[in-house]
K.L.:
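Below is a structure I'd like to ask you about.
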Amino acid sequence: MLDLRRIREEPDLIREAVRAKHVDVSVERILALDQEVRKAAFEIDQLRAEKNKLSGMLAKSRGQAADAPQMRERVRGINAAIKQIEDELKPPKEELHDLLLWLPNVPHVSVPVGGGPGENVVDRTWGEKPEFSFDPAPHWDLGSALSLLDQERAAKLAGSNFSLYSGHGALLVRGLINFMLDLHTREHGYTEYWPPFLATRQAMVGTGQLPKLEDDMYVCVSPELFLIPTGEVPLTNIFRGEILRSDQLPLRLVAFTSCFRREAGAYGKDTRGLNRVHQFGKVELVRIAEPERSYDELESLLADAEEVLQLLELPYRVLSLCTGDLSFAAAKCYDLEVWAAGQERWLEVSSCSNFEDFQARRTGIRYRPSSGVKPCFLHTINGSGLALPRVIAALLENNQTAEGTVAIPEALRPYLGGRAFLTGTT
RNA sequence: GGAGAGGUGGCCGAGCUGGUUGAAGGCGCUCGCCUGCUAAGCGAGUGUGGGGGUUAUACCUCACCGAGGGUUCGAAUCCCUCCCUCUCCGCCA
């Protein structure tokens, strides 16, 4: 949600953002509706003022004044006039509200201009791609060979593009979750949460998944609840409607959640193995910070996510997303992509974004800069730290050995019963 | 699922036999006084959002007491629907 006053004051900037993000919303229409609604609201306010005055006079005389009947009649007339304006006002008001929810966030000035994924900028690369004396296999072959993954049987349970881990594969999932949560809570100062994995429509609108991405969501019909597509939804909504104390900022929240995405339209494209699944585990990092600090917080959160990859000894690169690839709610975003040697591709494992006050406006998360001052909207920052399936894909592919086993990076071994290799025997 | 209680300002908590109550009181916070320092004490101030107005203040005005409807000249207060919390009973992983 953008500030209506900002839309009035810098409509060109908003128009530019709408174009850059490939959204079809008319800023002209918004401005016209805004004017119409304000004009009518002003009339209603004036009618109410007169009504209140008359009511006050009736109250003072306990309704015994000589002209009480005429006053009552006058108020009845005012009520009818108000009702009429309100009825006329309803459709434009709803349309305005709806259009505002469809208006994307404005990219930060530091975001590279570009039309789409092809114009994202590689900021830097970390680590060396592994070299092999043999032809490295993709993770789906390794997963089957070592009995870690069973794609075929997963389909029996929930259809295509679900995953079923077994044996040491399941242990690997559990170990990675604990490894990541321990790192972020012990070393990076995050408070751990275990939230619901379903969310209300209001919560989903709050973080910006709705209304735009409704087709990508799984929904329970009665009562209506959405399966969360990311832990960002529950974590950010925890403080919905609250005025936070500035001495508790910035907040750092972390949670493991399952994430559910229909990935409508993605069939047949990059969907083999763990590359794109409907349900996956993710450790999510969220920060809620004062506006002037939010870009520092973004860099710091990005470093927290990067450290996971460094400890796992996985080569990765950091991308600055260009304006055309920026998501609906983001003002700036870095993607972390990990190298997967068996597929010879980079796989996205984290998006770290600053939403500025976009989500905070939708959810009503504010703070008081100092006592006696009006509350201000906070900034929200979040990123994966990390999403599991592609990390697992990279671990298997990059660490495979000539013997057909998979080496476990040092940092992860304590979480896998001290094992140095996955061998396929449990 | 059944029965009962309740949802009020940053927090706690009155009001709920309808009328100048945006809301007593307390806590917290801000400013001032007092005091070797601190604490205590004393005084004043302190909800949110919108509109109008001003160079900017001042000022004027509307809405908001879980959400949405209704009754009424007038609703935090009465009626209806829904949501949520708590207690007891039942059921259940």
Side-chain angles (χ1 to χ4, degrees), chain A residues 1-9 30-101 194-206 219-226 234 237-249 251 258 288 290 357 360-378:
Chain A
M1 185 87 77
L2 297 174
D3 187 356
L4 247 174
R5 263 173 296 203
R6 186 181 179 195
I7 302 173
R8 278 177 216 142
E9 281 161 21
I30 288 176
L31 290 172
L33 286 166
D34 172 47
Q35 202 153 29
E36 183 185 344
V37 167
R38 265 195 301 164
K39 182 166 171 281
F42 183 69
E43 287 174 31
I44 290 177
D45 275 3
Q46 295 203 310
L47 287 168
R48 285 219 181 102
E50 190 187 346
K51 166 185 169 175
N52 288 343
K53 202 187 283 177
L54 290 168
S55 275
M57 286 158 71
L58 278 163
K60 217 178 287 184
S61 67
R62 296 269 152 189
Q64 300 305 308
D67 53 351
Q70 292 91 310
M71 286 162 78
R72 273 193 258 271
E73 196 44 49
R74 171 69 190 139
V75 175
R76 269 191 280 263
I78 293 173
N79 280 339
I82 291 174
K83 182 97 168 65
Q84 196 194 334
I85 300 175
E86 274 178 343
D87 288 347
E88 288 167 7
L89 195 56
K90 218 170 174 181
K93 221 174 170 177
E94 272 170 17
E95 188 186 347
L96 177 61
H97 181 71
D98 194 54
L99 286 177
L100 286 174
L101 287 180
W194 192 278
F197 293 180
L198 283 81
T200 61
R201 177 173 288 274
Q202 190 186 3
M204 295 283 284
V205 169
V219 57
C220 301
V221 180
S222 180
E224 184 188 63
L225 284 170
F226 295 84
N237 275 283
I238 289 173
F239 298 101
R240 186 173 73 214
E242 296 194 23
I243 297 174
L244 302 171
R245 294 197 320 273
S246 50
D247 63 10
Q248 60 188 148
L249 300 171
L251 292 174
S258 286
I288 299 178
E290 288 150 296
D357 64 4
R361 282 181 183 281
R362 288 177 166 234
T363 46
I365 303 176
R366 296 177 293 171
Y367 78 115
R368 210 179 286 280
S370 57
S371 84
V373 179
K374 278 189 177 299
C376 300
F377 288 107
L378 284 157

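A note on names: the letters A, B, ... follow the listed sequences, proteins ahead of strands, and every chain is numbered from 1. Note that the coordinates shown come from a computational prediction; the quantities given were computed from them, not determined experimentally.
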K.L.:
Expressed as a whole number of angstroms, how long is the span from A:Glu224:CD to B:rC82:C1'?
P.N.:
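That distance rounds to 15 Å.
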
K.L.:
Between protein and nucleotides 51-63 of chain B, map the contacts as a letter string: B base, S sugar-phosphate only, - none, heavy atoms under 4.0 Å, written 5' to 3'.
P.N.:
SS--------SSS

K.L.:
So which nucleotide does B:rA56 pair with, by the Watson-Crick or G-U wobble rule with both distances under 3.5 Å?
P.N.:
none

K.L.:
Can you tell me which nucleotide in B:rG19, B:rG10, B:rG49 comes closest to the side chain of A:Arg366?
P.N.:
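Nearest to the side-chain atoms of A:Arg366, counting from C-beta on, is B:rG49.
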
K.L.:
How many whole angstroms separate atom CG of A:Asp87 from atom P of B:rG69?
P.N.:
11 Å

K.L.:
For B:rC37, which nucleotide is its Watson-Crick or G-U wobble mate, given both distances must be under 3.5 Å?
P.N.:
none

K.L.:
Distance-only check: which donor-acceptor pairs under 3.5 Å involve side-chain atoms of residues 30-44 of chain A, not counting sequence neighbours?
P.N.:
residue : atom : partner : partner atom : Å
A:Asp34 : OD1  : A:Arg8  : NH2          : 3.2
A:Asp34 : OD2  : A:Arg8  : NE           : 2.6
A:Asp34 : OD2  : A:Arg8  : NH2          : 3.4
A:Asp34 : OD2  : A:Arg38 : NH2          : 3.4

K.L.:
Taking pairing as Watson-Crick or G-U wobble with both contacts under 3.5 Å, can you name the mate of B:rG9, or confirm there isn't one?
P.N.:
none

K.L.:
Mapping A:Cys376 and A:Val75 onto RNA chain B by nearest heavy atom, which one lands closer to the 5' end?
P.N.:
A:Cys376

K.L.:
Is any side-chain N or O of A:Lys51 closer than 4.0 Å to OP1 or OP2 of B:rG74?
P.N.:
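Yes.
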
K.L.:
Starting at atom NE2 of A:His97, determine the distance to atom P of B:rG50, rounded to an integer number of angstrom.
P.N.:
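My rounded result for the distance is 15 Å.
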
K.L.:
Mind calculating the distance between CZ (A:Arg76) and P (B:rU71) to the nearest angstrom?
P.N.:
13 Å

K.L.:
Tell which nucleotide pairs with B:rG90, taking only Watson-Crick or G-U wobble pairs whose two distances are both under 3.5 angstrom.
P.N.:
none

K.L.:
Do any side-chain atoms of residues 77-84 of chain A form donor-acceptor pairs under 3.5 angstrom with protein atoms, and if so which ones, sequence neighbours left out?
P.N.:
residue : atom : partner : partner atom : Å
A:Asn79 : OD1  : A:Lys51 : NZ           : 3.0
A:Lys83 : NZ   : A:Asp87 : OD2          : 3.4
A:Gln84 : NE2  : A:Glu88 : OE2          : 3.2

K.L.:
Considering only nitrogen or oxygen atoms on both sides, find all protein atoms under 3.5 Å from nucleotides 28-30 of chain B and state each distance.
P.N.:
residue : atom : partner  : partner atom : Å
B:rC29  : O2'  : A:Ser371 : OG           : 2.7
B:rU30  : O4'  : A:Ser371 : OG           : 3.2

K.L.:
Does any non-hydrogen side-chain atom of A:Met204 lie less than 4.5 Å from one of A:Asn237?
P.N.:
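Side chain of A:Asn237 against side chain of A:Met204, heavy atoms only: no contact under 4.5 Å found.
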
K.L.:
Under 4.0 Å between a side-chain nitrogen and a carboxylate oxygen: does that hold for A:Glu50 and A:Lys53?
P.N.:
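Salt bridge flag = no for A:Lys53 with A:Glu50.
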
K.L.:
List the atom of A:Ile365, the atom of A:Phe239, and the distance in Å for their closest heavy-atom pair.
P.N.:
CG1-O, 3.5 Å

K.L.:
By side-chain contact (heavy atoms from CB on, under 4.5 Å), which residues pair with A:Asp98, not counting sequence neighbours?
P.N.:
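With neighbours one apart ignored, the set is A:Trp102.
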
K.L.:
If I take atom CD in residue A:Gln202 and atom P in nucleotide B:rG68, what distance separates them, rounded to the nearest angstrom?
P.N.:
11 Å

K.L.:
For A:Arg368, answer base if it contacts any base atom (sugar-phosphate contacts may also be present), sugar-phosphate if it contacts only those atoms, and nothing otherwise; contact means non-hydrogen atoms under 4.0 Å.
P.N.:
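Contact class for A:Arg368: sugar-phosphate only.
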
K.L.:
Between B:rC65 and B:rG22, how many Å separate the two C1' atoms, rounded to a whole number?
P.N.:
9 Å

K.L.:
State which residues pass side-chain contact (heavy atoms from CB on, under 4.5 Å) with A:Leu2; sequence neighbours excluded, sorted by chain then number.
P.N.:
A:Arg6, A:Ile7, A:Ile14, A:Leu103, A:Asn105, A:Val106, A:Phe358

K.L.:
In whole angstroms, how far is the P atom of B:rU21 from the NZ atom of A:Lys60?
P.N.:
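Roughly 11 Å, once rounded to whole Å.
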
K.L.:
Taking pairing as Watson-Crick or G-U wobble with both contacts under 3.5 Å, can you name the mate of B:rU21, or confirm there isn't one?
P.N.:
none

K.L.:
Which pair of heavy atoms, one from A:Tyr367 and one from A:Ser246, lies closest together, and at what distance?
P.N.:
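Minimum heavy-atom contact is CD1-CB, 4.0 Å.
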
K.L.:
Rounded off to whole Å, could you give me the CD1-to-P distance for the A:Ile243 and B:rU46 pair?
P.N.:
17 Å

K.L.:
Expressed as a whole number of Å, how far does the P atom of B:rA24 sit from that of B:rU48?
P.N.:
15 Å

K.L.:
If B:rG45 has a Watson-Crick or G-U wobble mate with both distances under 3.5 Å, name it; if not, just say none.
P.N.:
B:rC29

K.L.:
Nearest whole angstrom, please: distance from the P of B:rG49 to the CG of A:Leu4.
P.N.:
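After rounding, the gap between these two atoms is 15 Å.
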
